[in-house]
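All chains are named by letter (A, B, ...) in the order of the sequence lines, taking the proteins before the strands, and each is independently numbered beginning at 1. Only this structure's heavy atoms are used, side chains among them; waters, hydrogens and symmetry mates stay out.
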Amino acid sequence: MRVTRLFGKTLREVPAEADTISHKLLLRAGMVDQLAAGVYSYLPLGWRVINKIESIVRDEMNQAGGQELCMPVLQPLEMWQQTGRDQAFGEGLFVLTDRRDRRLVLGPTHEEVITYLASRNVQSYRDLPLMLYQLQTKFRDEPRSRGGLIRVREFIMKDLYSFDADDAALDVSYQKMLRAYENIYARCGLTAMMVQADSGAIGGKDSHEFMVLAESGEDEIIYCPSCKYAANVEKAESVKPKAESGAPLPIEEVATPGAATIEEVAKFFKVAPSQTLKAVLYVADGGLIFAVIRGDIEVNEIKLKNLLHATELRLATDAEVKEAGLVKGAASAVGLKGVKIIADDSITSGTNFIAGGNKPEMHLKNVNYPRDFKADIMGNIAKSKAGEGCPQCSTALAAIRGIEVGHIFKLGTAFSKVLGANYIDEQGVSKPIIMGCYGIGIGRLLAAAIEQNHDDKGIIWPMPIAPYQIYLCPLYREGTKVAETAEKLYADLTAAGLEVLFDDRQESPGVKFNDADLLGIPVRITVSPRTLEKNSVEVKLRREKQASLMSLEEALIKIKELVAKG
RNA sequence: CGGGGCGUAGCGCAGUUUGGUUUAGCGCGCAGCGUUUGGGACGCUGAGGUCGGUGGUUCAAAUCCACUCGCCCCGACCA
């Protein structure tokens with residue numbers, strides 16, 4: 001490709017809307033163009049990267065036994081009502097109405113459709129195991145798109161679904177996919193960390209996410225520096241710090257003027273926050289929930305939501321709190337009636353807590369569980385944090401941010417039961433198919449690749465996903481053979497099956513070199529009067545500082561090696 | 001949805017506070033000509049704008065007022 005013909009211009013200045021590194025570089029390199037919030041066009045260079053990632057993904061999916069198909073974006077809303085996921089997705093679902101007033105959904109994902117397909121085509125255990133996948137555009141009306149391609153409303157996703165006869169077979173499919181995913185990231189030149197993840201209200205037991213570590217990532221990962229434990233903070237477990245305990249003392253009411261927050265209350269009583277009980281009020285599917293947790297620990301809302309089997313969970317408003325007869329800043333489970341109490345098991349570690357008095361500016365001393373109140377549900381609703389103990393080896397956990405570039409999980413029979421996807425087993429008994437689902441956001445993977453591979457000059461594409469392998473950069477001067485040599489080299493390299501971006505512009509060296517760096521093409525070949533004097537060309541790798549001179553033949557061999565190596 | 005910021009040429013910005021000095025300006029980019037060519041060269045000439053939109057106030061609006069649309073960031077949210 002000749003740069004003079006290439007659609008998409010590089011920009012010297014960063015468009016004002018970009019904040020994240022990958023977003024800035026994608027715009028500056030002319031790889032994407034924004035149409036609306038979370039809606040992007042891919043320009044030719046960006047699209048080439050997408051295609052390369054897709055072909056790696058396809059290859060791995062096929063090798064793992066997947067069969068590619070393509071399902072519709074347009075899906076009947078009824079299908080979503082049948083599984084109840086119209087509610088689960090809520091406003092995130094793009095819904096439209098056709099000319100006959102039928103309601104259709106722009107697919108945010110394809111479990112419903114694939115399960116419907118399976119229900120029509122799988123009849124016997126002989127049809128299993130089965131893996132089907134597609135690369136399809138998904139639509140999600142995200143509350144907020146962000147970070148360029150990191151979170152968008154229209155995006156390409158590879159989604160594979162596995163169908164198995166039993167849990168053991170599902171484990172096999174799951175392991176195959178897990179390995180395929182590891183291969184994909186490695187082949188794309190990315191370092192991804194596999195972490196345990198929350199599988200949500202629908203999911204079965206196992207779920208893992210693949211994270212590319214980046215400051216701009218939306219997810220927080222809790223991991224153990226010593227053993228292999230790593231989990232999304234949504235899912236992470238930890239050994240909770242111990243709280244002081246002693247013999248239970250009689251409960252006592254104390255006036256606490258001006259003390260409302262845990263910090264203020266702890267200070268007032270001159271105790272550690274771990275000696276207090278925190279009350280957090282939520283509304284889950286319309287009902288008020290009183291969550292009690294030790295003062296030094298935060299509530300993990302995902303865990304709480306799962307514990308309650310709720311589809312919707314939010315903080316209660318001040319008005320709702322007041323209406324329930326509770327006092328903000330002094331709410332207490334002691335003597336509370338008519339409100340569901342969920343307690344974190346941290347409140348059983350420790351004694352004689354300070355808790356709210358259910359009266360303005362009043363707290364209770366020496367509250368003990370279960371002597372003074374009783375929880376309707378006791379469980380683990382604590383948010384783990386760095387410094388707490390690893391659940392496997394007790395080493396202090398660490399936290400880091402990451403971009404979720406893949407998510408795999410075991411669905412079990414959640415969809416097959418509802419949509420009637422059954423098979424007949426060896427004994428002639430009809431059973432629901434056991435399913436798994438495995439997704440990769442292609443555009444997000446591209447963005448993550450940039451987040452992980454760049455410097456202050458621009459992108460540094462890993463060879464396998466680079467839009468072009470070689471940036472051919474002639475520094476023209478009249479009366480020399482630069483133009484002629486470059487043209488010949490362009491033809492030869494292309495004939496050798498290499499992908500060349502040929503900078504045939506009449507630009508100064510600085511402009512060309514800077515664009516080559518910005519675009520991040522892995523190999524740069526410079527032809528100039530200087531190199532021709534020595535009957536050679538200059539080869540420089542984007543990743544390295546040093547360039548080296550070599551003959552045309554040597555260059556061709558070396559570059560072929562580099563491309564093959566990836 | 002709550003909080004914050006922004007909208008003037010393809011991109012980056014000034015001008016808005018205090019209406020008139022501007023036929024709306026600067027840099028980059030773009031077009032033409034010439035000189036240049038190893039890390040974002042230079043000169044000359046030129047094209048490019050419903051100042052996000054609508055309505056209002058005024059002799060006069062990019063500038064003041066109202067409404068509205070859009071974009072970004074933080075949060076909420078997000079299988």
Nucleic acid footprint by protein, nucleotides 39-44 of chain B - heavy-atom cut-off 4.0 Å, B for base, S for sugar-phosphate alone: BBS---
Pair assignment for B:G7, Watson-Crick or G-U wobble, requiring both distances under 3.5 Å: B:C69
Checking all strands, does A:Ala16 fall into the base, sugar-phosphate, or nothing category for heavy-atom contacts under 4.0 angstrom? sugar-phosphate
Please work out if A:Arg151 contacts a base, only the sugar-phosphate, or nothing of the nucleic acid, heavy-atom cut-off 4.0 Å. base
Which of these, A:Phe210, A:Tyr174, A:Phe409, sits in a ring pair (Phe, Tyr, Trp, His ring centres under 6.0 Å) with A:Tyr181? A:Phe210
Work out how far the P atom of B:C72 is from that of B:C30, and round it to whole angstrom. 28 Å
For A:Thr531, report the nucleic acid contact type (base, sugar-phosphate, nothing); a contact means any heavy atom under 4.0 Å. base
What interatomic distance, in whole Å, is found between C1' of B:U16 and the corresponding atom of B:C64? 10 Å
Between B:A24 and B:G29, how many Å separate the two P atoms, rounded to a whole number? 26 Å
Between B:C42 and B:C59, how far apart are the two C1' atoms, rounded to whole Å? 48 Å
Roughly how many Å apart are B:C44 and B:G7, using the P atom of each and rounding to a whole number? 32 Å
Taking atom C1' of B:C73 as reference, at what distance in whole Å does atom NZ of A:Lys24 sit? 12 Å
